[in-house]
Each structure stands twice: as structure tokens, then as C-alpha cells.
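What follows is a single structure, written as C-alpha cells, with notes after it.
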Amino acid sequence: MTNWRAVAGGFVVLLLTGLIGLQLPLLGQIGAGLIGGFAAGYLAGGGFGNGAWHGLLAGSITGVVLTLFLALLGGLLGLGAGPVGGFLGGAGVLLVGVFVTLLFAIDSAIAGAFGGWLKG
């Protein structure tokens, strides 16, 4: 059973550490995924599988939310170049966002498994 409080906790930790991690472009985001996934897994407990599941959910939801926000922002900023610019701006950000979502999901699941194991 999914503990949505643990997922929400991991989501918040991911967002906050991700904002701090913007100072180190790729390493900061990987670190944010690891810390947030660990938090979600630790809060959920229950061993490797349960921790990995909660870390995966926290990382995936964070990636999707950030991707949608940045794609919308890219589309709006791209409108300065006309409708095609808006489309290309949003679509480009969306493609990068898919990569970021996968990155968050994978490292968050790994760290979540460790957090769940540590608590359980």
C-alpha cells in the first residue's frame, strides 16, 4: 500500500534540495533525487521494495511536475518568436524534462530502497 505522506515528504525534499542543487547543474539534481528518494523510502519504511516504490513515486512525480511547469514556461517565453517558437520552446523543454524525470525516478528509487531498508 502506498504511503502518500512519505511520497509527499520525498517530493518536498526533492524540490528544496533541487533548488539548492541548481548551483551544480547535473550533480545537484542527482543529489536531490538521492536525498529526496531516501527521505521517501525512510518515511515509508518496510524494506527494500517498499522504500524503492516510494522513492520512485516521489522522484517521478517531482520530475513530471517540474517538466510540465518548465514546458509551459518555455512555451510562453517562446511565443515571443510566434506560435512556432512557442511550440518549439515548449517541446524542447518537454524532451529535456523526460530525461530529468527518468533521472529523478531511477536515483530516487535506488536511494528509497536504501532508506526503506535502513528503517525496516
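Everything quoted here is computed from the prediction, not taken from an experiment. Side chains are part of it too, since the values below use all heavy atoms of this structure and drop only hydrogens, waters and symmetry mates.
- Among residue pairs with one or both ends in residues 102-120, none qualify as side chain to side chain donor-acceptor pair (under 3.5 Å); sequence neighbours excluded.
- Although no hydrogens or angles enter the test, the distance criterion places no donor-acceptor pair under 3.5 Å between the side chain of His54 and the main chain of Thr2.
- Apart from Ile110 itself, the hydrophobic cluster it occupies contains Ile106, where clustering links Ile, Leu, Val, Met, Phe, Trp and Tyr at side-chain heavy-atom distances under 4.5 Å.
- Grouped by direct or indirect side-chain proximity (heavy atoms under 4.5 Å, Ile/Leu/Val/Met/Phe/Trp/Tyr only), Val64 sits with Leu68.
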Please output the side-chain donor-acceptor pairs of residues 17-45 that fall under 3.5 Å, not counting sequence neighbours, one pair per line with the distance.
| unit_1 | atom_1 | unit_2 | atom_2 | d |
| --- | --- | --- | --- | --- |
| Thr17 | OG1 | Val13 | O | 2.7 |
| Thr17 | OG1 | Leu14 | O | 3.4 |
| Gln29 | NE2 | Gly18 | O | 3.3 |

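- Considering only heavy atoms from C-beta on, Phe104 stays 4.5 Å or farther from Ile61 through its side chain.
- Cluster membership for Leu73 and Val65, using ILVMFWY side-chain heavy atoms within less than 4.5 angstrom, is not shared.
- The side-chain contact (heavy atoms from CB on, under 4.5 Å) test with Thr62 is passed by exactly one of Val12, Leu15, Leu57: Leu15.
- Among residue pairs with one or both ends in residues 84-96, none qualify as side chain to side chain donor-acceptor pair (under 3.5 Å); sequence neighbours excluded.
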What donor-acceptor contacts under 3.5 angstrom involve side-chain atoms of residues 94-103, with partners at least two apart or in another chain?
| unit_1 | atom_1 | unit_2 | atom_2 | d |
| --- | --- | --- | --- | --- |
| Thr101 | OG1 | Gly63 | O | 3.2 |
| Thr101 | OG1 | Thr67 | OG1 | 3.3 |
| Thr101 | OG1 | Gly97 | O | 2.9 |

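- Under the rule for a side-chain hydrogen bond (donor to acceptor under 3.5 Å, both in side chains), Ser60 has no partner lying at least two apart in sequence or in another chain.
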